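Being a predicted model, the structure only gives us computed values, none of them experimental. In each ligand, atom 1 is the first atom listed, and ligand 1 is the first ligand listed. These values consider heavy atoms only, across backbone and side chains, with no hydrogens, waters or symmetry-generated copies.
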Amino acid sequence: MNKELVIVIDFGGQYNQLVARRVRECNVYCEIYSYKTDLDKIRAMNPRGIILTGGPNSCYEENAATCPPELFSLGIPVLGLCYGAQLMSLVLGGEVRRAALKEYGKTEVHVDNTTPLFAGVTADTVCWMSHNDYIARMAPGFRVIAATANCPVAAAECPEQKLYAIQFHPEVLHTVEGSKILYNFVRGICGCCGDWSMDSFVEESIKAIRNKVGGGRVLLALSGGVDSSVAAGLLSRAIGRQLTCVFVDHGLLRKNEGDEVEAIFGEKGQFDLRFVRINAQERYYDRLAGVTEPEEKRKIIGEEFIRVFEDEARKIGAVDFLAQGTIYPDVVESGLGGESAVIKSHHNVGGLPDYVNFREIIEPLRNLFKDEVRKVGLELGIPESLVLRQPFPGPGLGVRIVGEVTAEKVKIVQEADAIYREEIAQAGLDREINQYFAALTNMRSVGVMGDERTYDYAIALRAVKTVDFMTAEAADIPFAVLQKIMSRIINEVKGVNRVFYDLTSKPPGTIEFE
Ligand code: XMP
């Protein structure tokens, strides 16, 4: 695919993926590469622009991540962000020093909006700062185009060479007009016209898949999650029944989920493919009987998946390709920009290729961010309920049932969770809360129902607000909504007589219970 390309050079900043996502939001394709990437390789990629990210070090320290000065004389526009801005200044003859005052958080900044980088940006705006060092002296040829109370060079430019340095982070949402600044860079300064869109991605991928696969056979483990479902949809559109999807129902899915997956991808669904559903519930429950240790449960569920899939793959025989739903963050996180071969280390498919007779791996979503995968899914006509769904862990309800997993407990948590989801949707909160589910505690307690004593399980309701799922806060659900959910669960789900709401943030808690 011959697209306009902007590359992000990563210096270890925590927002590197965010920078690339923001660029793609400007409809410009963007990839992330390590700062160690060879200059010749960068030149050969023929990027329209280069963005240097932030990083944890000080650029003047010995052994700090750096870049060759020639990077700035390729004739390609370069935008340095935070560490990248300081490095650009240092490498080109300026000076960077430790600041007397560390700037952190939302900061008022005054920008010169007559420059192309800040065109259309309010002169006094708010940016997100996070730095210990500052540009004490600009490199020759640069001039200041933004400043804050404590940072004399909040941004600088050398328009003759199309070099731009910004001390703050335009990629972070707290920088109120950050998206506009990045748009100005990629669409204005780099001159990109914006040829990256999901509908063209679908068309081009279908062609590329057909070319690669030819008349070959492809096998995909379909979990019903977003990534593998979108991969299935895309492959199906490209090669139809040359694709076999194996869907393992491990009995740890949410209520009706197995049937929903089958309705979409099964023989009566809208996609042309071979669909094999394996109902392995009993097999899983047998393996999990008596097991209470969380890591052991996870291990068993992962291993059992491989066994089940292996049995099925043996029946299917040799295939040409094994497809995987690897997405771009998986690629970046396991070794930046395709420098190493990546096989998604998802618990479910880790190690899988050893067990299946195939020639090559095919990863049609390898270059996409999650939000792009979702757009492709919608483009392919996969229902919103699946494409926009919240994360669901590979080990499923196995990690939402504290202690031993049994068929009875699965049923309880499925029913409670279904009520919870229904009521959250009813209250119009489903888009606001990033992840929510019911879990079954291993606790039984005494209650009274009618005139009868009960001794039943307690359900815990979890609901979190989060951006990256690395940190999270408990969501502030109105008490009346919680009360209604509690009352329905206790009345409708046999075996439950108590409902808790989990207030714990992450850290110290995790989102899942195990
Ligand atoms: P924790 O519990 O670690 O979860 O705070 C963070 C996010 O990851 C999801 N999660 C998983 N996803 N396989 C997955 O694909 C897993 O084994 C797994 N465990 C946790 C969890 O739902 C949350 O969104």
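Counting heavy atoms only, K506 comes closest to atom 6 (C) of ligand 1 of the residues E512, K506, Q435.
Close approach of ligand 1 to P391 is summarised as follows: ligand atoms under 4.0 Å from at least one heavy atom of the residue are 24 (O). Near F469, meaning under 4.0 Å from one of its heavy atoms, ligand 1 places the atoms 6 (C), 24 (O). Proximity to G394 (heavy-atom distance under 4.0 Å) selects the following atoms of ligand 1: 13 (N), 14 (C), 15 (O), 16 (C). Proximity to T510 (heavy-atom distance under 4.0 Å) selects the following atoms of ligand 1: 1 (P), 2 (O), 5 (O).
Checked by atom type, the side-chain pair E31/Y29 shows a donor-acceptor distance below 3.5 Å.
Checked against the 6.0 Å centroid criterion, the rings of Y104 and W128 qualify as a close aromatic pair.
Taking the six-membered ring where the residue is Trp, Y83 and F11 present tilted rings, their angle falling between 30° and 60°.
Screening V176, I166, T107 against C127 for a side-chain contact (heavy atoms from CB on, under 4.5 Å) leaves a single residue, T107. The side-chain contact (heavy atoms from CB on, under 4.5 Å) with L365 is formed by just one residue from the set V226, L234, T326; it is L234.
Residue-to-ligand polar distances keep P395 apart from ligand 1: every N/O pair is separated by 3.5 Å or more.
In this structure, OH in Y436 is found 7.0 Å from CD1 in I433, a value given to the nearest 0.5 Å.
Contact between R298 and ligand 1 is present, with at least one heavy atom of the residue lying under 4.0 Å from the ligand.
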